[in-house]
Number of protein chains: 2
Amino acid sequence: MQVRSNMIPFPLNGTRQAQGACADCGVKSRAVCAGLAPEETGILTTIMSTVTLAPNQLLFEQGDLRSRAYTLTSGMLRLSVSLPDGRRQIAGFVTPGDYLGLSGEDVHTQAAEAVTACRLCSFPVPEMNRLMEQHPRLRDRLHELTRKALLEARGNLLMLGRLTPNEKLARFLLGLSDRAVENGQPATPLALPMTRTDIADYLGLTIETVSRSFSALKTRGLIQLADAHRVEICDRPGLTALAGLPV
Amino acid sequence: MQVRSNMIPFPLNGTRQAQGACADCGVKSRAVCAGLAPEETGILTTIMSTVTLAPNQLLFEQGDLRSRAYTLTSGMLRLSVSLPDGRRQIAGFVTPGDYLGLSGEDVHTQAAEAVTACRLCSFPVPEMNRLMEQHPRLRDRLHELTRKALLEARGNLLMLGRLTPNEKLARFLLGLSDRAVENGQPATPLALPMTRTDIADYLGLTIETVSRSFSALKTRGLIQLADAHRVEICDRPGLTALAGLPV
DNA sequence: TCGTCGCCTTGATCACGATCAATCCGACAC
DNA sequence: GTGTCGGATTGATCGTGATCAAGGCGACGA
C-alpha cells in the first residue's frame with residue numbers, strides 16, 4: 001500500500017456554460033457525438049457545460065450521487081476503486097473522446113481524478129436520458145461505447161489474473177500506444193503522464209516491481225526511456241509477443 | 001498452469017426448434033425477455049431454438065464467428081480467455097437468466113463451456129439485431145444487461161488486482177450466494193458445481209491455494225463444507241467483512 | 001548555491017502464493 | 001471385494017513479487 005499524493009477534493013473550479021460549441025472539437029470523431037447529425041450535436045450543446053480540472057483534482061468520488069455525465073476532450077483521468085485500508089485498483093485511464101457514465105448507476109462505483117490538466121464536456125444525467133430516448137443515434141452510440149468498455153474490462157481480467165509483471169507492463173504500453181494513435185498522435189514516443197504509483201495500481205503491482213519491469217524491458221531492448229514519463233517503443237513486435245497479443 | 005480436463009469440442013448435440021415456448025420458462029423474470037410484452041416474446045419464439053449441452057461441452061471457442069446469441073435457462077457455463085501457453089482466466093460463470101452476446105463482437109473473444117448440463121435458448125444474431133431495432137424494450141433490456149455486466153467486470157478488476165486469496169474466495173462465495181438467491185434458491189447451503197481448477201482460474205490463483213483458502217475459511221468458522229461442492233455459509237457478516245464489501 | 005520535496009530506481013531481504021509431491025476420497029468398473 | 005482414475009487436500013520447498021531501505025534525480029524556493 002502506498003500513500004496517495006496530494007488529492008484536491010475541492011469543488012470544480014471551472015464550470016461554465018459552453019460557448020464555442022462542438023464545431024471545432026478535436027474529439028468529435030471518437031466521442032459520443034460521432035455520427036450524430038449536426039442538429040443533434042446542437043441539442044447536446046444546449047444542455048452542455050464545460051469543466052476544467054487541475055492535475056490530481058477530483059471529478060467525483062466513490063459513493064457520490066451521479067448527476068452528470070462527461071466526455072473528456074483533453075487531458076487524462078484515472079478511474080479507481082479503493083478499499084477502506086487504502087488498497088486501490090485503477091480500472092482504467094480515460095483519454096480524449098471517452099465517455100464517463102456508461103455503466104449508468106445512480107451512485108458512482110469508482111472515483112475519477114485528473115492525471116493531467118483536463119477539459120470535459122458535462123451533461124446533466126436526466127437531460128441526457130431524455131435525449132437518448134428522442135435520438136436513437138445517441139442511444140445506439142452509448143450502447144456501442146458500453147459494449148467496447150465491457151470488452152476492455154474483460155480483457156483486463158486476464159491481464160490482472162494471469163500475466164507476469166513484464167507481460168502486464170508490455171500490454172499496458174501497447175494499449176496506451178494504440179490509444180495515442182486513435183487520438184492522432186504517433187505510436188512512439190509515448191507520453192506516460194501518470195505516476196508509477198498509478199501504473200502499479202492499474203497493473204496490480206507495487207511501484208518497485210513496475211520500475212523493475214521498465215528496466216527489464218529496457219534491458220531486453222524493447223523500449224527506451226527518455227525520462228520516467230516518456231517511452232520509446234523500439235521493438236513493437238517483441239513487445240507484442242511478450243504481451244501475449246496476436247500479431 | 002494446470003492440465004485441462006476432458007473438453008468435448010464436438011458440434012452441439014441437442015439443437016432443435018423451440019416448441020414449448022416461453023410461457024412456462026423459469027427465468028423469464030430475469031432474462032432478456034423480462035418486461036417484454038407477450039407478443040414480443042412471441043416474436044422471439046419464432047426465431048429461437050433450444051440447445052442442450054453436456055458437462056464440459058463447448059458452446060463456442062475463442063475466435064469462432066459469432067452467429068448466435070443465447071440465454072441460459074438452466075445449468076451453468078464458464079466464460080474463459082486463454083493464452084497459447086495454457087494459462088486461463090475465467091471471466092465469469094453464467095447462471096440461468098444470463099445472456100451471452102452482450103459485447104456484440106463479430107468474433108468470440110472468449111470461450112463458453114458447460115460446467116453442468118445446460119439448456120439454452122439460441123437466437124440468430126442478424127434476426128436478433130433486427131428485432132432490437134423494431135422493439136425498443138428488447139434493445140433497452142440488452143443495454144441494461146450490458147451495463148450490469150460492465151459493472152460486474154469492473155468490480156472483478158479490484159478483486160483480481162488487490163485482494164488476498166482468502167478475500168477473493170470470500171467474495172466469490174458471496175457472489176454465488178447472491179446469484180442463487182436471485183434464482184430463487186436459498187442463500188445457503190450453496191452448490192459449487194465447478195471444479196477447484198475453475199475457481200482458481202476465476203480468482204487468479206492455483207488450485208492448491210484455493211483449497212487452502214477453503215480450509216482457512218472453515219477454520220475461521222465462516223463456512224462449512226459438506227463435500228467439495230457444497231458449502232454452508234455459517235457467518236455471512238464475517239464473510240462479508242473479510243471480502244471487504246459493504247454490509 | 002544549497003536544501004527540500006516528490007518521485008523514481010536499485011539493492012537486500014522477506015513472505016506469500018506457486019510449485020512439487022504425497023495422500024486421500026469417492027465414483028466406477030470388474 | 002480390488003484396482004483405477006479424477007479431483008481435492010495437505011505438506012514441503014521454492015521463487016517471484018512485496019517489503020524495507022538507501023540513494024539518485026529534477027523541480028522549485030530561499
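Residue numbers start from 1 in every chain, and the chains themselves are labelled A, B, ... in the order their sequence lines are given, proteins ahead of strands.
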Exercise: identify the closest heavy-atom pair between B:L58 and B:E113: CD1-CG, 3.2 Å

Interatomic distance, B:E167 CD vs C:dC16 C1' [rounded to whole Å]: 13 Å

Between C1' of C:dG6 and CG of A:D198, the distance in whole Å: 14 Å

Results of side-chain contact (heavy atoms from CB on, under 4.5 Å) for B:S67 - residues two or more places apart only: none

Partners passing side-chain contact (heavy atoms from CB on, under 4.5 Å) against B:E182 (at least two apart in sequence or in another chain): B:R30

Which protein N or O atoms sit under 3.5 Å from an N or O of nucleotides 11-15 of chain C?
{"residue": "C:dG11", "atom": "N7", "partner": "A:R212", "partner atom": "NH1", "Å": "2.9"}
{"residue": "C:dG11", "atom": "O6", "partner": "A:R212", "partner atom": "NH2", "Å": "3.1"}
{"residue": "C:dA12", "atom": "N6", "partner": "A:R212", "partner atom": "NH2", "Å": "3.2"}

Side chain of B:S211 (C-beta onward), nearest among D:dT10, C:dA18, C:dT10: D:dT10

Carboxylate-amine/guanidinium proximity below 4.0 Å for B:R87 and B:D201: no

side-chain contact (heavy atoms from CB on, under 4.5 Å) against A:S211, all qualifying residues, sequence neighbours excluded: none

Pair listing, ring pair (Phe, Tyr, Trp, His ring centres under 6.0 Å) test, anchored in residues 207-247 of chain B, at least two apart: none

Which pairs of donor and acceptor atoms, one on a side chain in residues 171-179 of chain B, lie under 3.5 Å apart (sequence neighbours left out)?
{"residue": "B:R171", "atom": "NE", "partner": "B:A243", "partner atom": "O", "Å": "3.0"}
{"residue": "B:R171", "atom": "NH2", "partner": "B:A243", "partner atom": "O", "Å": "3.1"}
{"residue": "B:S177", "atom": "OG", "partner": "B:A187", "partner atom": "O", "Å": "2.9"}
{"residue": "B:S177", "atom": "OG", "partner": "B:R236", "partner atom": "NH1", "Å": "3.0"}
{"residue": "B:D178", "atom": "OD1", "partner": "B:R236", "partner atom": "NH2", "Å": "2.8"}
{"residue": "B:R179", "atom": "NH1", "partner": "B:F93", "partner atom": "O", "Å": "3.2"}
{"residue": "B:R179", "atom": "NH1", "partner": "B:T95", "partner atom": "OG1", "Å": "2.6"}
{"residue": "B:R179", "atom": "NH1", "partner": "B:D98", "partner atom": "OD2", "Å": "2.8"}
{"residue": "B:R179", "atom": "NH2", "partner": "B:F93", "partner atom": "O", "Å": "2.6"}

Distance in angstrom units between A:I207 CD1 and C:dT10 P, rounded: 13 Å

All side chain to side chain donor-acceptor pair (under 3.5 Å) counterparts of B:S213, not counting sequence neighbours: B:N166

Set of residues satisfying side-chain contact (heavy atoms from CB on, under 4.5 Å) with respect to B:L102, sequence neighbours excluded: A:L150, B:Y99, B:L142, B:L145, B:T146, B:A149

Contact residues, residues 213-234 of chain B to DNA chain C [heavy atom, < 4.0 Å]: none

Salt bridge (Lys or Arg N to Asp or Glu O under 4.0 Å) contacts touching residues 219-230 of chain A (sequence neighbours left out): none

Candidate nucleotides C:dA18, C:dT9, D:dT9, ranked by approach to the side chain of A:R196 - the nearest: C:dT9

Distance, rounded to the nearest Å, where A:L169 contributes CG and C:dT9 contributes C1': 14 Å

Nucleotide C:dG17, atom P - distance to CG of B:N166 in whole Å: 8 Å

d(CZ, B:R162; P, C:dG17) in whole Å: 13 Å

Length of the line joining A:L192:CG and C:dT9:P, which is rounded to integer Å: 10 Å

B:L205 CG to D:dT16 C1', straight-line distance once rounded to whole Å: 15 Å

Counterpart residues, ring-ring contact (aromatic ring centres under 6.0 Å, His included), relative to B:F60 (two or more places apart): B:H108

B:T209 side chain near C:dG17 phosphate (N/O to OP1/OP2, under 4.0 Å): no

Strand DNA chain C as a dot-bracket string - pairs counted if Watson-Crick or G-U with both distances under 3.5 Å, | where the partner lies in another strand: ||||||||||||||||||||||||||||||

